[in-house]
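What follows is a short report on a single structure.
Only a predicted model underlies this, so the values are computations on that prediction, with no experimental measurement involved.
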Amino acid sequence: RGDVNYQLAIPWAEIGVTAPPAVGKALTLGVVLNDADTPKFLGGGRGRILWFRGVDTKNTEGFGDVVLVGPNGP
């Protein structure tokens with residue numbers, strides 16, 4: 001099936017973060033990626049990647065905490 005890498009880049013101001021990002025800081029997040037490829041890629045059909053289930057359930061209790069790490073890990 002091959003490797004697929006997704007990177008997410010969202011400007012801090014767009015998500016309401018006012019404090020400067022720092023290793024060890026946490027934020028609450030919920031993301032869903034819907035990806036529909038042609039049959040020759042990844043088996044076709046609709047694929048979904050979830051970072052926590054809050055978006056699917058439309059409930060903020062389903063969002064999770066993400067802890068920021070540096071380029072070399074925590």
Side-chain angles (χ1 to χ4, degrees):
R1 293 180 44 130
D3 291 332
V4 176
N5 294 305
Y6 294 97
Q7 293 183 355
L8 179 66
I10 302 172
W12 291 114
E14 293 294 320
I15 58 175
V17 176
T18 56
V23 172
K25 294 277 186 175
L27 61 114
T28 301
L29 184 70
V31 176
V32 175
L33 171 70
N34 289 319
D35 188 11
D37 290 317
T38 62
K40 71 178 189 172
F41 299 109
L42 303 178
R46 181 165 295 281
R48 294 171 51 84
I49 297 172
L50 302 173
W51 282 358
F52 310 108
R53 298 203 57 90
V55 175
D56 274 351
T57 62
K58 296 177 178 49
N59 183 341
T60 57
E61 290 180 11
F63 286 34
D65 293 328
V66 174
V67 178
L68 302 178
V69 299
N72 299 315

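Here Thr57 pairs with nothing under the side chain to side chain donor-acceptor pair (under 3.5 Å) rule; sequence neighbours left out. The side chain to side chain contact (heavy atoms under 4.5 Å, CB included) search around Leu29 returns Leu27, Val31, Trp51, Val66, not counting sequence neighbours. With sequence neighbours excluded, the residues that form a side chain to side chain contact (heavy atoms under 4.5 Å, CB included) with Val32 are Asn34, Arg48, Leu50, Val55, Asp56. Scored by the side chain to side chain contact (heavy atoms under 4.5 Å, CB included) test, Pro11 finds Glu14 as partners (sequence neighbours excluded).
Counting only residues at least two apart or in different chains, side chain to side chain donor-acceptor pair (under 3.5 Å) contacts with residues 18-28 comprise Thr28-Asp65.
When every heavy atom of Trp12 is checked against every heavy atom of Pro21, the shortest pair comes out as NE1-CG, 3.2 Å.
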